[in-house]
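Below: one structure, written as structure tokens.
Values below: all heavy atoms of this structure, side chains included; hydrogens, waters and symmetry mates excluded. In what follows, chains are A, B, ... by sequence order, proteins preceding strands, each numbered from 1.
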Number of protein chains: 2
Amino acid sequence: MDIKYINPFIIAAQTVFKTMLGISADMGKPILKTINSASGDVTGVMGLVGDKKGTVAISLRERGAKFVYKTLVGEECESINKDVVDAIGEITNIISGQARKEFEKSGINLSAAMPMVIVGKDVELNFITKIPIISLPFYFPVDSGNSEDKEIMYVDFSFE
Amino acid sequence: MDIKYINPFIIAAQTVFKTMLGISADMGKPILKTINSASGDVTGVMGLVGDKKGTVAISLRERGAKFVYKTLVGEECESINKDVVDAIGEITNIISGQARKEFEKSGINLSAAMPMVIVGKDVELNFITKIPIISLPFYFPVDSGNSEDKEIMYVDFSFE
């Protein structure tokens with residue numbers, strides 16, 4: 001997979017974190033994802049179709065998803081309820097939209113499908129493709145009082 | 001949601017069952033899906049984009065998925081392994097493709113994203129949409145020696 005298909009997702013994830021949550025997310029080392037389990041407990045999946053075809057999955061652990069919800073909406077939540085699911089669906093929509101804008105700059109036009117949000121521990125999530133799946137980890141601080149205490153948002157995608 | 005968006009999925013599911021598996025699948029009563037759990041243990045998800053936007057989820061219980069695999073490939077399988085996942089991904093692809101052909105007859109052009117297959121018991125699967133989600137159950141016989149013993153393939157979709 002061409003590097004030019006990776007950058008739009010990096011820019012999109014970091015821009016959305018900065019503008020919507022007011023948080024700088026630091027990217028860790030991208031890896032080739034070879035296991036078929038969801039990277040987190042809550043995963044927003046979005047299909048992208050157009051000049052190219054792909055799928056992006058935005059995945060957070062429970063604590064990270066709750067923190068994103070709290071930061072976005074301003075309310076605490078006890079569990080991964082419908083409101084949190086909707087918030088992760090919205091983040092998936094917005095990161096995909098931002099990535100599509102970046103792809104447009106390279107002359108690649110894409111449309112987004114409807115997001116779907118999957119919740120569960122140890123859910124098996126299989127990208128049905130022969131193309132490599134890239135996993136980008138973004139580290140962000142949660143306000144636990146310990147600045148070293150970070151959560152991760154995974155942006156996993158495959159792009160034909 | 002207009003009835004004309006439902007028929008393509010009915011025709012597609014029954015045609016694919018008949019031509020690929022040599023089985024007649026009888027449709028049960030369509031329902032409005034209001035719960036957010038996956039209908040089965042193995043679920044192929046496909047985004048559709050174009051003149052309209054939607055998502056379709058093809059869901060089978062473990063026994064149904066194994067039977068579809070056996071009928072398609074001619075081999076028994078012990079568990080929901082990678083081959084079964086690929087087979088359900090393929091069925092999802094083909095049913096979506098057939099539905100798209102039916103939509104075309106109504107002047108609605110759609111492209112398909114990349115399928116994703118989710119495996120797990122009690123997985124929560126949330127369509128992020130305000131549009132109703134329709135669930136079509138298709139009953140088919142499994143060769144258990146009892147002709148009354150049927151499995152179900154659910155075709156769940158939402159279409160804006």
Cluster link Leu60(A) to Tyr139(A), ILVMFWY, side chain under 4.5 Å:
no

Can Tyr154(B) be reached from Phe9(B) by stepping across I, L, V, M, F, W or Y side chains whose heavy atoms are under 4.5 Å apart?
no

Top contributor to chain B contacts, counting heavy-atom pairs under 4.5 Å, from Ala57(A), Gly47(A), Gly120(A), Gly54(A)
Gly54(A)

Does some side-chain heavy atom of Ile128(B) sit less than 4.5 Å from a side-chain heavy atom of Val85(A)?
yes

Once rounded to the nearest 0.5 Å, what's the spacing between atom OG1 of Thr43(B) and atom CE of Met116(A)?
8.5 Å

Under 4.5 Å to a heavy atom of chain A? For Leu125(B) that would be both

Mark yes or no for whether Lys53(B), through its side chain, and Ala112(A), through its backbone, hold a donor-acceptor pair below 3.5 Å.
yes

Is it possible for you to say whether Leu21(B) and Phe138(B) belong to one hydrophobic cluster, with membership spreading through side-chain heavy-atom contacts below 4.5 Å?
yes

Indicate the atoms forming the closest heavy-atom contact of Phe159(B) with Met114(A), along with that distance.
N-CE, 4.4 Å

Can you say whether Val45(B) sits under 4.5 Å from chain A via the side chain, the backbone, both, or neither, judging by heavy atoms?
side chain

Under 4.5 Å between side-chain heavy atoms, counting indirect links through other Ile/Leu/Val/Met/Phe/Trp/Tyr residues: same cluster for Ile152(A) and Val84(A) or not?
no

Whatever's closer than 4.5 Å to a heavy atom in chain B on Leu48(A) counts as backbone

Heavy-atom cut-off 4.5 Å, strictly under: side chain, backbone, both or neither for Val49(B) against chain A?
side chain

Is it possible for you to say whether Val56(A) and Ile108(A) belong to one hydrophobic cluster, with membership spreading through side-chain heavy-atom contacts below 4.5 Å?
yes

Looking at Gly89(B), Ser111(B), Pro115(B), which makes the most heavy-atom pairs under 4.5 Å with chain A?
Pro115(B)

What I'd like to find out is whether the side chain of Glu124(A) reaches to under 4.5 Å of the side chain of Ile80(B), using heavy atoms alone.
no

At a heavy-atom separation under 4.5 Å, does Thr55(B) approach chain A through its side chain, its backbone, both, or neither?
both

